[in-house]
Structures are given as C-alpha cells and as structure tokens.
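Structure record follows, encoded as structure tokens.
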Amino acid sequence: PEPLQNVIRVSPENGDFNNIKSAIDSITDASADNPYLVLIGPGDYPMVEGPIIVPENVHVSGAGTNKTKLTIRAGGSGVDEAAAAMAVRLDSEISNLSLTTIGRDGSTHLIGIAATSTQPDATLQTTRPKITNVLTEMSPTGSVFNAGVADRDNNLKILRSFIRVGPDGLRSAQGAHGVFVGNSLIDIEDSLITVTSDIVGPAHGVFVNAANFALTRIRNTDIRATDM
C-alpha cells in the first residue's frame, strides 16, 4: 500500500500541535481516499474541553496507555456526542492512550467515549469505529446517566481495553454503565470493565437497552459491577 500522506503529530514540544483538540479541529478533508493519522506522543497532557470528535477516516493513536495520558472535561444532557469526552465515527479509531473524563458542572449525562452519530447497516463490518488498547476512566459528579463507553447505531468494536467507571460521585435511576449499548451490534474482546457506584440506582458492566435492537458479542472479557 502507498504510504499514508496525512500524519499529524501531537507533542508537548516539537509537534504540529501541543494538544489533541487543536489537532483534530485542524482536519477538514478526511475521506476514504484521504485518511489521517494523528500520533500523540508521550506526555500527561493538560485538561481540554470536550467533546473531541474524531472524524470519519481518522485514526488517533498514542504511545501507550501508560505513556499518553489525556484529561478531558465533558458532560451534556443526552446519550450523544455532546455529553462525551471523545467520540468516534465510522472508519475512525482511538488507540494506545489513556483518557480521564472529568464531569462538567450542571450536566446530567457523562460519557467517556461515544459512538452515537450515525446509523450504518449492521452488516457493514469494514466501516465500524474502533477503540483499541485504551484505558478510559471517569468519576461522575452528579450526572443522571454515566457511561464509560456509549454505542448507539454505530456497531462499535472494543479491543484490549480497560473501561473503569466510579467510584466517586452520585448516580441516579439511569445508573452507571461501563458500556451502554442501544440499537447497535457491538463487539468487546480481550478487555476489562469495572463499575463501582455509591448512591441510588444500578451499576452495570454492560447495559443493553431492551427498547432498541441491540446485539452484544463479548469474548475474553472480565466484567465487574459493584453497588457500594
């Protein structure tokens, strides 16, 4: 294959950008014929405001979960990209980094990584967004709905990742979810999901919304959900 032409480097020093938000915002022409790779170097990056939406045909890759560390403040009012720290779309991927999500004051919904933007045919495997080798953790602060990852309509694939929700903060009737699935086919492989919550309402490792079509395939994954 031909070498990838569009490579953007993020680094505290000597990169094209020094934060992920500016790097992603600079991409305006990604397509199947013009994909992008955003490489995030090692570093504990200062907090930025979410959501950071990874466009279609863009791959964001860090230097490893113990080397590339992002902190993003997020929160909104629905199960959608607006409530997420980061979001993936079709043919996009987030890999090899850790993400800490901090709840925004006044928000009712908080999501670490969302895949909620489009409605592909469930049989189109090649266009699915991916999360690979990612550590995502969050401590919700008063949100009604909390999810480490939320997939609605996108047929997300999660590989070799650690999703952790809690234990700090409130939860209500809509609960705390490691992974929330609605109207989607999701694959989770070789991963660890832990949810710990301390006040009101349920804790779910993987929550499948029965009101919508959803199919979940889980392989070699450890799921732990605890009500304190």
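Starting from 1, each residue takes its place in the sequence as its number. Computation of the quantities below employed the complete heavy-atom set of this structure, encompassing side-chain atoms and omitting hydrogens, waters and symmetry-equivalent molecules.
- No side-chain N or O of T71 forms a donor-acceptor pair with one of T100 less than 3.5 Å apart.
- Residues passing the ring-ring contact (aromatic ring centres under 6.0 Å, His included) test with Y36, sequence neighbours excluded: none.
- Between the side chains of S92 and H59, no donor-acceptor pair of N or O atoms lies under 3.5 Å.
- Remark: T65 pairs with no residue by the side-chain hydrogen bond (donor to acceptor under 3.5 Å, both in side chains) rule, at least two apart or across chains.
- In this structure, E81 pairs ionically with R89, as a charged nitrogen and a carboxylate oxygen lie closer than 4.0 Å.
- Using modelled atom types and a 3.5 Å distance limit, the side chains of N57 and N34 yield no donor-acceptor pair.
- Here the side chain of S191 pairs a donor or acceptor atom with the backbone of E189 at under 3.5 angstrom.
- For S22 and D25, the side-chain atoms include no donor-acceptor pair closer than 3.5 Å.
- Taking the centre of each ring, F180 and H204 stay at or above the 6.0 Å mark.
- Using modelled atom types, one side-chain atom of T221 and one backbone atom of R219 make a donor-acceptor pair closer than 3.5 Å.
- Counting heavy atoms of neighbouring residues, nucleotides and ligands inside a 6.0 Å radius, atom NZ of K69 does not exceed 12 of them.
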inquiry  = Please evaluate residues L159 and I131 with respect to the criterion side-chain contact (heavy atoms from CB on, under 4.5 Å), reporting the C-alpha separation (whole Å), side-chain torsions for both, the decisive distance (0.1 Å), and the verdict.
reply    = CA-CA 6 Å; L159 300 170; I131 301 170; over 6 Å; no

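- Residues I163 and I158 have side chains in contact (heavy-atom distance under 4.5 Å, counting atoms from C-beta outward).
- Classification of R217 and D187 as a salt-bridged pair holds, one side-chain N sitting under 4.0 Å from a carboxylate O.
- Using a 4.0 Å cut-off between a side-chain N of Lys or Arg and a carboxylate O of Asp or Glu, E49 and R104 qualify as a salt bridge.
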